[in-house]
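Throughout, protein chains are lettered first and strands after them, A, B, ... in sequence-line order, and every chain is numbered starting at 1.
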There are 2 protein chains.
Amino acid sequence: MNDQKYNAIIADDHAIVRAGLKDALEKPGLIEPEGIKVLAEVGDGLSAIAEIRKHRPHLLLLDVSMPMAGGVEVLIEARRWSKETRVVVLTGVSAVGLVSDLIETGVDGLFSKASDNTEFYQKLPGILRGQRHISEYFLKILEETPNPPVLTDRERQTLNMILAGRSNKEIAAGLGISVKTVDKHRTSLMQKLKVHSVPQLIARALKEGLIDPSKEL
Amino acid sequence: MNDQKYNAIIADDHAIVRAGLKDALEKPGLIEPEGIKVLAEVGDGLSAIAEIRKHRPHLLLLDVSMPMAGGVEVLIEARRWSKETRVVVLTGVSAVGLVSDLIETGVDGLFSKASDNTEFYQKLPGILRGQRHISEYFLKILEETPNPPVLTDRERQTLNMILAGRSNKEIAAGLGISVKTVDKHRTSLMQKLKVHSVPQLIARALKEGLIDPSKEL
DNA sequence: CTCACCATGGGGCCAATCCCCCAATCGCGT
DNA sequence: ACGCGATTGGGGGATTGGCCCCATGGTGAG
């Protein structure tokens with residue numbers, strides 16, 4: 001019965017998605033002739049890392065938005081504990097920051113949940129055998145974005161606190177610096193993002209995925 | 001071959017979710033002894049409405065976040081064009097505003113994508129036969145929220161434009177009213193939401209789901 | 001018919017923001 | 001050693017925002 005060549009772990013916070021992916025992986029002939037054995041399915045990032053360390057599977061199917069730990073964090077941990085595991089990320093959001101982070105960290109496959117999944121089925125076998133595939137969808141988004149604004153640490157911190165609804169004064173207190181410095185960071189942020197007010201700043205930040213929405217704002 | 005008692009339409013912007021749901025519905029014995037026939041699957045709200053008018057199915061499985069038209073809009077249109085269709089909404093977000101809107105509009109079933117889907121499988125047959133079921137998960141969220149702030153039309157419009165990054169002046173021009181009136185709406189908004197600045201307003205609005213995130217902000 | 005509430009405006013005050021100007025320190029790479 | 005950029009801090013000014021005062025209609029509930 002254990003004649004499957006490959007095994008996998010599925011990580012996604014939606015049970016329906018897990019069920020659908022498990023079905024597709026295990027079905028003989030759809031992706032692999034013998035199907036792919038699903039060793040475990042988990043609903044959060046921490047469990048994902050735990051299962052990776054335990055099973056060291058051939059494949060990890062990973063969702064980006066999960067409780068406890070998101071896509072990039074899990075990817076890094078997976079690399080640390082199981083170098084041979086091929087990591088394929090499925091994402092519903094197409095935030096530029098997120099996508100480029102994933103690619104730079106060295107994800108083996110990247111597909112959109114929104115687009116047709118035939119591309120996913122067709123490319124998975126190649127990925128299992130060492131190839132790498134980033135969906136055209138994301139490549140197009142990346143090259144259509146000539147402005148990947150690079151934020152400094154302080155700017156990122158400031159941005160997050162602005163999104164959390166803190167005023168300049170509160171941010172200054174929180175970071176232990178003067179209000180004027182916060183003001184400077186804020187100004188730099190708005191120059192880099194080419195906006196002129198807080199609401200526009202927030203809108204852009206959310207769209208570009210420059211910040212972490214999971215950090216309960 | 002057409003011995004299934006019920007048929008359905010699936011609307012979700014993620015192909016994997018559609019595949020998983022279709023599988024579950026059609027599988028004999030899981031939900032219905034003979035399975036449920038899937039007449040169509042669509043990836044956006046407009047197509048969903050079109051297919052509803054065309055097929056008038058027994059069941060509509062609906063996602064809340066979709067391009068072109070979201071959950072509530074599709075629900076209303078479905079009611080208009082096909083009164084007998086049972087509408088069941090699956091959602092990944094648990095924003096209070098959204099949930100209460102759906103329940104008030106009279107959705108027949110409401111389930112969370114994140115929680116286990118056995119509840120979904122078990123309750124669907126009852127829903128097909130006229131019952132109504134809102135997942136405990138959402139009932140708990142609703143009763144834990146004693147403050148359902150009711151916004152007037154103008155306030156909602158103003159809120160949306162604030163979130164879109166418009167200034168008071170721009171909003172005034174857009175709505176054809178004076179800046180002072182916009183200011184008044186803004187003040188009322190902040191009283192109702194118990195915040196004291198735009199950033200806090202945005203943070204709250206996003207968390208409570210008072211506005212439509214799909215309206216590309 | 002009141003009464004509450006919404007929507008419409010205006011005056012004014014003070015605080016916060018946006019955006020210029022400026023300078024000092026530190027580290028990093030050429 | 002020199003420059004570059006990040007970070008820190010300040011002065012000052014124009015604009016906007018948050019919130020108080022006020023009044024006028026309309027509308028729907030009692």
Side-chain angles (χ1 to χ4, degrees), chain A residues 97 100-101 104 146-208 210-212 217, chain B residues 97 100-101 104 147-208 210-211 217:
Chain A
S100 53
D101 274 2
E104 276 164 30
N147 274 3
V150 184
L151 303 185
T152 65
D153 288 351
R154 278 314 210 195
E155 283 166 357
R156 199 181 303 278
Q157 288 175 19
T158 308
L159 178 53
N160 271 293
M161 299 190 73
I162 292 175
L163 295 221
R166 275 72 157 114
S167 71
N168 272 2
K169 206 179 291 180
E170 292 172 311
I171 298 174
L175 295 181
I177 57 182
S178 102
V179 182
K180 289 305 281 185
T181 308
V182 178
D183 186 57
K184 172 66 179 57
H185 292 318
R186 189 191 281 258
T187 304
S188 311
L189 271 172
M190 298 207 278
Q191 275 182 358
K192 286 187 180 175
L193 299 182
K194 292 204 268 289
V195 295
H196 306 282
S197 70
V198 174
Q200 293 176 354
L201 216 191
I202 298 181
R204 251 198 92 98
L206 289 178
K207 201 189 297 183
E208 304 268 341
L210 294 171
I211 41 81
D212 194 346
L217 72 157
Chain B
S100 54
D101 274 2
E104 275 164 31
N147 273 3
V150 184
L151 304 185
T152 64
D153 288 350
R154 278 312 209 197
E155 283 165 358
R156 193 177 253 90
Q157 288 175 18
T158 308
L159 177 54
N160 272 294
M161 299 190 73
I162 291 176
L163 296 218
R166 276 72 157 114
S167 70
N168 273 0
K169 207 180 291 178
E170 292 173 310
I171 297 174
L175 295 181
I177 56 182
S178 103
V179 182
K180 289 307 281 186
T181 307
V182 177
D183 185 59
K184 171 64 179 57
H185 292 320
R186 187 189 282 258
T187 303
S188 312
L189 270 172
M190 297 206 281
Q191 276 182 358
K192 286 187 179 176
L193 298 182
K194 293 203 267 288
V195 294
H196 305 283
S197 71
V198 173
Q200 292 176 354
L201 216 190
I202 298 182
R204 250 198 91 100
L206 287 178
K207 199 190 297 184
E208 303 269 340
L210 295 171
I211 42 83
L217 71 156

**Student:** Looking across every strand, which nucleic acid part, if any, lies under 4.0 Å from B/Thr152 by heavy atom: base, sugar-phosphate, or nothing?
**Tutor:**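 Sugar-phosphate only.
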
**Student:** Could you tell me if the side chain of B/Leu175 sits less than 4.5 Å from the side chain of B/Thr158, heavy atoms only?
**Tutor:** yes

**Student:** As an exercise, state the distance from CE of B/Met190 to CD1 of B/Ile162, rounded to the nearest 0.5 Å.
**Tutor:**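 That separation rounds to 7.5 Å.
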
**Student:** Can you say whether a donor on the side chain of B/Asp183 sits under 3.5 Å from an acceptor on the base of D/dC19, or the other way round?
**Tutor:**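 Yes.
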
**Student:** Closest to the B/Thr187 side chain: C/dC19, D/dC19, D/dT8?
**Tutor:**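 The answer is D/dC19.
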
**Student:** When you look at CZ of A/Arg186, are more than 12 heavy atoms from neighbouring residues, nucleotides or ligands closer to it than 6.0 Å?
**Tutor:** yes

**Student:** Between A/Ser188 and A/Glu155, is any pair of side-chain heavy atoms under 4.5 Å apart?
**Tutor:** yes

**Student:** Can you list, by residue number, the residues of residues 165-179 of chain B that have a non-hydrogen atom closer than 4.0 angstrom to DNA chain D?
**Tutor:**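 Result for residues 165-179 of chain B: B/Ser167, B/Asn168, B/Lys169, sorted by number.
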
**Student:** Measuring to OP1 and OP2 of C/dA16, would you say a side-chain N or O of B/His196 lies under 4.0 angstrom away?
**Tutor:** no

**Student:** With a 4.5 Å heavy-atom cut-off, do B/Lys192 and B/Thr187 have their side chains touching?
**Tutor:**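 No, too far: nothing below the 4.5 Å cut-off.
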
**Student:** Using whole Å, report how far CD of A/Glu155 lies from C1' of D/dT8.
**Tutor:**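 The answer, rounded to whole Å, is 13 Å.
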
**Student:** Using whole Å, report how far CD of A/Gln191 lies from C1' of C/dT17.
**Tutor:** 15 Å

**Student:** Atom CE of A/Met161 and atom P of C/dT17: how far apart are they, to the nearest Å?
**Tutor:** 13 Å

**Student:** Looking at side-chain heavy atoms only, is the closest gap between B/Leu163 and A/Ile202 below 4.5 Å?
**Tutor:** no

**Student:** What is the distance from atom CD of B/Glu170 to atom OG of A/Ser197, rounded to the nearest 0.5 Å?
**Tutor:** 8.0 Å

**Student:** Between A/Met190 (CE) and D/dT15 (P), how many Å, whole number?
**Tutor:** 16 Å

**Student:** Distances for protein N/O vs nucleotides 23-28 of chain C N/O pairs under 3.5 angstrom?
**Tutor:**
none

**Student:** Which letters describe nucleotides 24-30 of chain D, given B = protein heavy atom under 4.0 Å from base, S = only from sugar-phosphate, - = neither?
**Tutor:** -------

**Student:** Between CZ of A/Arg154 and CD1 of A/Ile171, what distance do you get to the nearest 0.5 Å?
**Tutor:** 11.5 Å

**Student:** So how far is it from A/Asn168 CG to A/His185 NE2, rounded to the nearest 0.5 Å?
**Tutor:**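 One finds 11.0 Å between CG of A/Asn168 and NE2 of A/His185.
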
**Student:** Could you check how far CD1 of A/Ile162 sits from C1' of C/dT17, rounded to whole Å?
**Tutor:** 11 Å

**Student:** Is the backbone N or O of B/Arg156 less than 3.5 Å from a side-chain atom of B/Asn160, with the two atoms forming a donor-acceptor pair by type?
**Tutor:**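 Checked: pair present.
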
**Student:** In this structure, how many angstroms lie between the C1' atom of C/dC6 and the CD atom of B/Gln157, rounded?
**Tutor:**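 In whole Å, C/dC6 C1' lies 13 Å from B/Gln157 CD.
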
**Student:** To the nearest 0.5 Å, what is the distance between OG (A/Ser167) and NE2 (B/His196)?
**Tutor:** 12.0 Å

**Student:** Which heavy atom in A/Gly165 sits nearest to a heavy atom in B/Pro199, and how many Å separate them?
**Tutor:** CA-CB, 3.7 Å

**Student:** Would you kindly give the NE2-to-C1' distance between B/His185 and D/dG17, to the nearest whole Å?
**Tutor:** 16 Å

**Student:** Would you kindly give the NZ-to-P distance between B/Lys180 and C/dG11, to the nearest whole Å?
**Tutor:** 9 Å

**Student:** Does A/Thr181 place a side-chain N or O at less than 4.0 Å from the phosphate oxygens OP1/OP2 of D/dG9?
**Tutor:** yes

**Student:** What is the nucleic acid contact for B/Ser197, judged by heavy atoms within less than 4.0 Å: base, sugar-phosphate only, or nothing?
**Tutor:**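 Result for B/Ser197 = sugar-phosphate.
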
**Student:** Closer than 4.0 Å, any side-chain N/O of A/Arg186 to the OP1 or OP2 of C/dA16?
**Tutor:**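 Looking at the OP1 and OP2 atoms of C/dA16, neither is under 4.0 Å from any side-chain N or O of A/Arg186.
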
